[in-house]
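Residue numbers start from 1 in every chain, and the chains themselves are labelled A, B, ... in the order their sequence lines are given, proteins ahead of strands. Quick caveat, the model's predicted, so the values are computed rather than measured.
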Amino acid sequence: MTVQSWGLLALFLGVALLCVKPLGLYIAHVMEGAPIWPLRAGRRVEAGIYRLCGIDPEEEMGWKRYAVALLVFNALGALLLYALQRLQYWLPLNPQHLFAPSPDSAFDTAVSFITNTNWQSYTPEITMSYLTQMAGLVVQQFMSAATGIVVAVVLIRGLARHTARTIGNFWRDLTRVTLYVLLPIAFVLALVLVSQGVIQNFSPYKKVTMLAPVTYQQQQVNAAGNPVTDAAGKPVMQTVTTRTQTLPMGPVASQESIKELGTNGGGFFNANSAHPYENPDAITNLLEMLAIIVIPAALTYTFGHMVGDTRQGWAVLAAMAILFVGLYALCNHSEQAGNPRIAALGVNQTASALQSGGNMEGKEVRFGISGSTLFATLATTTSTGAANSMEDSYMPLGGMVPLFDMMLGEVVFGGVGSGLYSMLIFAIIGVFIAGLMIGRTPEYIGKKIEAFEMKMSSIAILVMPLIALVGTAVAVSVKAGQAGVANPGAHGFSEILYSFTSASNNNGSAFAGLGADTLFYNTALGLAMWIGRFWPIAAVLAVAGSLAAKKRIPVTEGTMPTHGPTFIVLLIGTVLLVGALTFVPALALGPIVEHLMLWSH
Amino acid sequence: MNESSGTNHDARTRGPRDGGGVAHEGPAKAILRPAIALLLVMTALLGIVYPFLVTGIASVIFPAQAAGSLIVRNGRIVGSRLIGQPFSNPGYFWSRPSATSPQPYNGLDSGGSNLGPLNPALITAVQARIAALRAADPGNDARIPVDLVTTSASGLDPDISLAAAYYQAGRVARARGLSVGRVRALIAAHAKGRLLGVLGEPRVNVLELNLALDQIH
């Protein structure tokens, strides 16, 4: 790793950590309805929304009612998003006159965006109208982020409240987190991104005359628009020379900001954050990374504050940060080392004052190795799945890091809300294991952890590996699954493993060579995303409801502290052990075998 | 609080009748109505008002950036500062290879090659690019910088590394009848470095550099 790579990490983590306390405190105040000025300023708008929607903001819900409200709201969101896509040709703001995506693709996309996954099997710039992107996809980028945050807050309430029957009001929680947290930050960030070159307009695509002509081969088509083939059935190619380049346009910045802030990852363009109109320079790259991390990191402080012991939150944050630095170091080191097969051709991959060097296939010059690998590690440890480089072209171990990041269950910062609630479930499992070792009833934040919590926690943790591994096994066994593979050998297996791991973790990043816009993958991954999102959420809400009903037990000398180094190590160990034991066999068949092949001669 | 107390009671019991409150008509409606209404209100606010507001403000305070950082020469749009263009003439600096289809730097097909590091197709492609660079510049036996023989993530990368620019300086100078020193000075004048020592990479914008080259004549 270069000094600059460490420097970038230090700058990034430093700024992010500075935001943790103020933002975490602010989110806590918003969710508790504290009398702070933003809530006073927005009171009328908030009350207007409740009135318009027939919501009683004072109603308190039990966990089952909360879960039903959440599921119904998200299911309706999926229906609306599906309808918008299928009807886009007849709706306004479609200057390119784009047709509707196929039903299976629209289903996959609808599920993908309501589950905060943002897996994209389509090429946005030639598929989605401006209206679909902004009124469909962007709305769900806000709503799925808000959904994640409210579930985390409910789990915190479960720990903070005692002998309580209720855990909050879904409508009020969702509205508040959207109005006071997500929308203002997204709005300001969007404008800052525009100032640096991210586009924001409703113009049709622009044709420009390039400085020099380009000559290329393309498949010949007949008058009816069908490809022409020769007698042997091979496509007939023709040589074309042109000076025209078409620049895509659109309301990009308003999507880019919430795409990162809500750990969504669904880009306006196919190249995602590698596209210069989404991420034009190193400053926007830093801002986008900060947008990804601030809420997941700050929620640890929200947690500590709401349970009345901020050390609890810092301990969770420390475990996340330690794992993150290690994963980044491995990814960066592997990519900076470069590709030995390309080095053998006499190509210069050495870092210097004139170039970043390393494995530059699928990376942008302005981000180099450090800006690409930091973004990749962050986008996969959080459930964002955005990409400013193509992970499919990473070195075997460099590409294994994003894959393994997801396999840890998206708890290293994780998705907005989902990261914290999944990490707290790991904490519960951690104290349970510790309790077994020392032979006493496990407890966490003054609550006894009993059979019901352990059952629900196990479900929350085990659903993801189950779908990821079973899905991969099915896909590699059937023709429809094998057909999507783009790279030969072990790398092809990694592509499939990556896709199901990404979907079941609601990450959305990809080894993008995989041809996933097929009936098989759209359906299978759509189901994986749905189950991977809402099954754990239901289990987490159940844990929250059960914990809220319990009595608080006082801290005694026998209580295991859950804020010190011992606990941090225990938590890291639990996360790594579950992730490693579950997935190492699969990793051995993919990236590890590929790594051995690459360096074996 | 009129109906919540009953529902809350339901929520804590685990009887067979308990469906979280949706089993009977009243509570079902009590969830559907706010769900539909809130979804529509949020769609209007986040899906319409928010993007239009951002667009409106951006078009006033950052009009050039919002419209795509377009470069206009003699009344014609010749490209965008942010979107790369392909060059194959020895008198221009070449951009990075692009994996877009069917033509390189196709603005409607952003994306990378997605070739894995062991894929023979990657190695073959790199070999062909090396051969093309060597053929255009026979006397130059310096090691070729990696970004010049690998495709970018977007396929639209507007930049090349400074190493890649200096590597091409001799060829460009010869083709244009300029001194190498003059061309190297032009690169240096357009070079971008690292902000705060860590942000960004040493690079130069190819389109801007080539436009500047054309200004010399």
Side-chain angles (χ1 to χ4, degrees), chain A residues 4 7-8 53-55 59 62 64-65 68-69 72-73 76 134-135 139 142 165-166 171 190 194-195 197 199-201 208 210 212 214 216 218 246-247 251 254 269-271 274-276 280 282 339 341 347-349 354-356 360-362 364-366 368 389-390 392 395 487 491 512-513, chain B residues 4 7-8 11-12 20-22 31 33-35 37-39 41 43 46-47 51 54-55 58 62 65-69 77 79 82 85-87 89 102-103 107-108 110-112 114 116-119 123 126 143-147 150 152-154 157 159 161-163 198-203:
Chain A
Q4 185 259 343
L8 180 64
C53 303
I55 292 166
E59 179 198 353
K64 287 184 187 171
R65 188 171 169 79
V68 170
V72 167
F73 183 78
L76 287 171
M134 61 190 239
V139 171
F142 276 101
R165 283 177 163 175
T166 62
W171 315 119
V194 177
S195 78
I199 60 175
Q200 179 74 22
N201 60 59
V208 304
M210 295 190 295
V214 58
Y216 60 96
Q218 74 172 25
T246 305
L247 302 179
S254 53
F269 301 115
N270 192 46
H275 199 293
N339 188 336
R341 299 208 173 164
V347 171
N348 183 358
Q349 299 185 99
L354 298 179
Q355 68 166 5
S356 74
M360 284 300 288
E361 179 68 27
E364 301 282 298
V365 166
R366 62 193 181 283
S389 57
M390 295 299 141
D392 211 348
M395 302 308 297
N487 281 284
H491 199 85
Chain B
S4 60
T7 317
N8 292 337
R12 290 301 320 152
V22 283
I31 282 187
R33 156 94 208 276
L38 191 59
L39 181 62
V41 168
T43 300
L46 308 168
V54 173
T55 310
F62 308 115
Q65 294 96 315
S69 305
I77 304 173
L82 296 176
Q85 294 183 6
F87 295 96
N89 182 323
Q103 76 269 37
L108 299 180
S110 65
N114 288 312
L118 269 85
N119 195 325
I123 308 305
V126 171
R143 288 202 301 158
I144 301 174
V146 61
D147 59 307
T150 48
S152 61
S154 65
D157 197 338
D159 303 314
S161 68
L162 284 182
V198 293
L199 285 178
E201 296 291 332
R203 68 197 184 280

(request) With sequence neighbours left out, write down each residue that passes side chain to side chain contact (heavy atoms under 4.5 Å, CB included) with B/F87, or none if nothing qualifies. (result) A/L211, A/A212, B/Q85, B/Y92, B/W94, B/S95, B/V206, B/L207, B/N210
Does [X] use its side chain to pair, donor to acceptor, with the backbone of [Y] at less than 3.5 Å?
| X | Y | answer |
| --- | --- | --- |
| A/S254 | B/P51 | no |
| A/N487 | B/N114 | yes |
| B/E201 | A/V365 | no |
| A/N339 | B/P117 | yes |
| A/E364 | B/A153 | yes |

Top residue by heavy-atom pair count (under 4.5 Å) with chain A, among [options]?
| options | result |
| --- | --- |
| B/L162, B/L118, B/L199 | B/L118 |
| B/L38, B/V126, B/I123 | B/L38 |
| B/G116, B/G112, B/G111 | B/G116 |
| B/D157, B/L82, B/D159 | B/D157 |
| B/S154, B/G107, B/A37 | B/S154 |

(request) Counting only heavy atoms closer than 4.5 Å, note whether B/N89 contacts chain A via side chain, backbone, both or neither. (result) neither
(request) Check each atom of B/V41 against the heavy atoms of chain A and say whether the ones under 4.5 Å are side chain, backbone, both or neither. (result) side chain
[options]: which one forms the most heavy-atom pairs within less than 4.5 Å of chain B?
| options | answer |
| --- | --- |
| A/M390, A/Q4, A/M395, A/H275 | A/Q4 |
| A/G197, A/S389, A/G7, A/P280 | A/G197 |
| A/G362, A/G368, A/G513 | A/G362 |
| A/A282, A/S195, A/A274 | A/S195 |

(request) Give, for atom CG of A/N270 and atom CG of B/L108, the distance between the pair rounded to the nearest 0.5 Å. (result) 11.0 Å
(message) Just so I know, are the side chains of B/P145 and A/M360 near enough to count as touching, which here means a heavy-atom distance under 4.5 Å?
(response) no
(request) Could you go through the side-chain contact (heavy atoms from CB on, under 4.5 Å) check for A/W171 and B/I31 one step at a time? (result) CA-CA 10 Å; A/W171 315 119; B/I31 282 187; 4.2 Å; yes
(request) Kindly indicate, with the supporting measurements, whether the criterion side-chain contact (heavy atoms from CB on, under 4.5 Å) is fulfilled by A/Q355 and B/D147. (result) CA-CA 8 Å; A/Q355 68 166 5; B/D147 59 307; 4.0 Å; yes
(message) Between A/V194 and chain B, with a heavy-atom cut-off of 4.5 Å, which part of the residue counts as in contact: side chain, backbone, both or neither?
(response) both
(request) Please look at A/L8 and chain B and tell me whether the side chain, the backbone, both or neither of the residue comes under 4.5 angstrom of a heavy atom of that chain. (result) both
(request) State which residue, out of B/V146, B/T150, B/N119, fulfils the side chain to side chain contact (heavy atoms under 4.5 Å, CB included) condition with A/E361. (result) B/T150
(request) Write down the atom of A/V347, the atom of B/R143, and the distance for their closest heavy-atom approach. (result) O-NH1, 3.8 Å
(request) Of all the heavy-atom pairs spanning B/A67 and A/I199, show the shortest one and how long it is. (result) C-CG2, 4.4 Å
